[in-house]
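Every heavy atom of this structure was used, including side-chain atoms; hydrogens, water molecules and symmetry mates were not. When a ligand or atom number is given, it counts from 1 through the structure's own listing order.
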Amino acid sequence: MNFKSKLPNVRTTIFTIMSSLAKEHNALNLSQGFPDFKSDPVLIELVSQAMKNGHNQYAPMMGVIELRTAIAQKFKELYQSSYSPEKEIVITVGATQAIFTVISAFIHTNDEVIIFTPAYDCYQPSVELQGGKVIPIQLQYPKNTIDWSLVEKSITSKTKMIIINSPQNPSGSIFSLSDMKRLEKITNNTDIIILSDEVYEHMIFDGKKHQSICLFPELKKRSFITASFGKTFHNTGWRVGYCCGPENLMREFIKVHQFNVYSVNHPVQIALAKYLEEPKHYNLLPEFFQNKRDFFLTAIATSNFSFKPTEATYFQTLDYSSISNERDVDFAKRLIIEAGIASIPMSVFNKNQQDNKTLRFCFAKTDETLLKAAKILNKL
Ligand code: PMP
Ligand code: GLN
């Protein structure tokens, strides 16, 4: 049968490849970003109650209003920023659908979208499916700084969107206040939409502050925020997240959303609305994950890997150049098969597959898993 692939160069995602290989070889899986500990039994009980109470049919198209109100309240509390629950917040099937829907709603053939690499893997294919073109800007290794003059030079009349992701997966770096000010300055008086993927907003360490795009009024009026309850509340399998933005942009978002998914898991939304009533459920997350990071890094302190403690996210990158000079993809596969531990090679996210001999490890794991991982890593 003859057909023309819309994504001829896309292969299976690295997360699926590494997780499947880990399973096949019974290796410890620190590759794909998901927790191996149980989520809060209180939240599980709330979902169960919502099902028993009959919330099992289609949820409203934009999401359950109680949940949208709770999200608006969280924005007020954390950033003193307001979004209308009725018009500016939509519940989505994880951040992945939110990102896809924003891109589908605004990117036309030949539009250009600037992304910062290493970049999360769903941005590029989503842009290309719409006939758009990704312009990657590589963060400067190893400090992950941004060359803003290069960003400025990369903006053309075709630039329709800039995707930012702070805290950033996979590097664990964050945009500083001055990065945000530069972004504001160079996009001021343009119609460039900013897609700010903030799924790791609650995982930021050492007292650093998350610079949400909603804190910058000039940016906020042209920006979408995407977020993930899977990441925030340790339930990546529930597939619930949200998107928010100014009303005029959300109107276009909703046009696509209603035919893309229509609506999202109903009982989980009811439960999350209740759970969000307690701000401690998200306010305690930075400390919780910082403790995990520190536990993991203390356990591998004497290993032959070199590293700088990650600033944010639940990923730590480790430089293995004093252990091997193999390509990172080959080394990562060998670690699964021969050493029994899975990670993600960073080059797959980089512009031109730049290989800095670094691997990404997810530390959203029990202490027991982290100790087992350290035992393996310390022997290399
Ligand atoms: N953006 C980034 C940066 C991610 O790491 C992920 C994976 N959690 C997503 C978006 C997708 O989130 P979700 O699982 O809620 O679809
Ligand atoms: N966000 C997860 C990660 O970075 C993966 C999610 C996925 O597999 N799509 O590991």
Side-chain angles (χ1 to χ4, degrees), residues 10-23 29-36 39 63 67 71 90-103 115-127 139 144 162-175 194-204 210 212-213 224-244 257 260-261 264-265 268-269 272 285 289 310-317 332 342-350 358-365:
V10 165
R11 284 183 240 137
T12 308
T13 88
I14 190 72
F15 306 117
T16 299
I17 292 174
M18 295 321 245
S19 276
S20 310
L21 203 61
K23 202 162 178 202
N29 190 359
L30 273 64
S31 65
Q32 198 173 20
F34 63 88
D36 75 341
S39 64
L67 180 54
I71 292 165
V90 172
I91 311 304
T92 58
V93 181
T96 309
Q97 182 240 315
I99 292 163
F100 188 84
T101 303
V102 168
I103 293 170
I115 66 168
F116 296 92
T117 52
Y120 185 57
D121 68 346
C122 78
Y123 307 145
Q124 179 155 352
S126 306
V127 170
L139 300 184
N144 297 314
I162 299 179
I163 303 179
I164 64 169
N165 171 219
S166 175
Q168 206 226 27
N169 179 13
S171 69
S173 63
I174 51 177
F175 272 39
I194 314 291
L195 167 49
S196 182
D197 182 5
E198 302 189 11
V199 301
Y200 299 101
E201 76 179 302
H202 301 297
M203 295 168 208
I204 181 157
H210 172 53
S212 174
I213 201 116
F224 288 99
I225 292 177
T226 54
S228 165
F229 286 117
K231 290 282 147 176
T232 303
F233 294 136
H234 326 312
N235 295 300
T236 58
W238 288 1
R239 313 301 301 123
V240 180
Y242 59 92
C243 182
C244 54
H257 173 83
N260 188 3
V261 290
V264 177
N265 188 311
V268 168
Q269 292 191 58
L272 285 168
L285 289 170
F289 280 111
T310 195
E311 293 178 280
T313 73
Y314 52 42
F315 303 114
Q316 175 67 49
T317 58
S343 60
I344 297 282
M346 289 286 285
S347 67
V348 297
F349 307 109
N350 281 335
T358 50
L359 303 175
R360 189 200 80 173
F361 291 82
C362 172
F363 56 79
K365 305 291 168 191

Enquirer: Within 45° of the ring axis of Phe34 and under 6.0 Å from its six-membered ring centre, is that where the NZ or CZ of Lys231 lies?
Expert: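 Geometry flag: not set, cation outside 6.0 Å or 45°.
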Enquirer: Sub-3.5 Å donor-acceptor pair from the side chain of Thr310 to the main-chain atoms of Phe315, do we have one?
Expert: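 Checked: pair present.
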Enquirer: Hey, what polar pairs (N/O, under 3.5 Å) does ligand 1 make with protein?
Expert:
residue: ligand 1; atom: 1 (N); partner: Asp197; partner atom: OD2; Å: 2.6
residue: ligand 1; atom: 5 (O); partner: Asn169; partner atom: ND2; Å: 2.7
residue: ligand 1; atom: 5 (O); partner: Tyr200; partner atom: OH; Å: 2.6
residue: ligand 1; atom: 8 (N); partner: Lys231; partner atom: NZ; Å: 3.0
residue: ligand 1; atom: 14 (O); partner: Arg239; partner atom: NH1; Å: 2.9
residue: ligand 1; atom: 15 (O); partner: Ala95; partner atom: N; Å: 2.8
residue: ligand 1; atom: 15 (O); partner: Ser228; partner atom: OG; Å: 2.7
residue: ligand 1; atom: 16 (O); partner: Ala95; partner atom: N; Å: 3.2
residue: ligand 1; atom: 16 (O); partner: Thr96; partner atom: N; Å: 2.9
residue: ligand 1; atom: 16 (O); partner: Thr96; partner atom: OG1; Å: 2.5
residue: ligand 1; atom: 16 (O); partner: Arg239; partner atom: NH1; Å: 3.4
residue: ligand 1; atom: 16 (O); partner: Arg239; partner atom: NH2; Å: 2.9

Enquirer: Let me know which of Leu195, Ile91, Thr92, Thr101 forms a side-chain contact (heavy atoms from CB on, under 4.5 Å) with Cys243.
Expert: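 In the set Leu195, Ile91, Thr92, Thr101, the residue that makes a side-chain contact (heavy atoms from CB on, under 4.5 Å) with Cys243 is Thr92.
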Enquirer: Pairwise, report which nitrogen or oxygen atoms of ligand 2 are under 3.5 angstrom from protein nitrogen or oxygen atoms, and how far apart they are.
Expert:
residue: ligand 2; atom: 1 (N); partner: Tyr120; partner atom: OH; Å: 3.4
residue: ligand 2; atom: 1 (N); partner: Lys231; partner atom: NZ; Å: 3.4
residue: ligand 2; atom: 4 (O); partner: Asn169; partner atom: ND2; Å: 2.8
residue: ligand 2; atom: 4 (O); partner: Arg360; partner atom: NH1; Å: 2.9
residue: ligand 2; atom: 8 (O); partner: Gln32; partner atom: NE2; Å: 2.8
residue: ligand 2; atom: 9 (N); partner: Tyr120; partner atom: OH; Å: 3.3
residue: ligand 2; atom: 10 (O); partner: Gly33; partner atom: N; Å: 2.5
residue: ligand 2; atom: 10 (O); partner: Arg360; partner atom: NH2; Å: 2.7

Enquirer: Test side-chain hydrogen bond (donor to acceptor under 3.5 Å, both in side chains) on Asp197 and Thr226; report intermediate values, then the result.
Expert: CA-CA 5 Å; Asp197 182 5; Thr226 54; 3.2 Å; yes
Enquirer: Can any side-chain N or O of Gln168 pair as donor or acceptor with the backbone N or O of Pro118 at less than 3.5 Å?
Expert: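 Yes, the answer is positive, given that a donor and an acceptor are paired below the 3.5 Å cut-off.
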Enquirer: Please work out which of the three classes, parallel, tilted or perpendicular, describes the rings of Phe289 and Tyr314, given edges at 30° and 60°.
Expert: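 Ring orientation, 0 to 90° scale: tilted.
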Enquirer: If only atom types and distance count, is the side chain of Asn235 paired as donor or acceptor with the main-chain N or O of Trp238 below 3.5 Å?
Expert: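 Pair absent, no side-chain N/O of Asn235 close to backbone of Trp238.
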Enquirer: Checking Ser212 against Glu198: is there a side-chain donor and acceptor pair closer than 3.5 Å?
Expert: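 Yes, side-chain donor-acceptor contact under 3.5 Å.
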Enquirer: To the nearest 0.5 Å, how far apart are CG in Leu30 and OG in Ser343?
Expert: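 Reported to 0.5 Å precision, the distance equals 8.5 Å.
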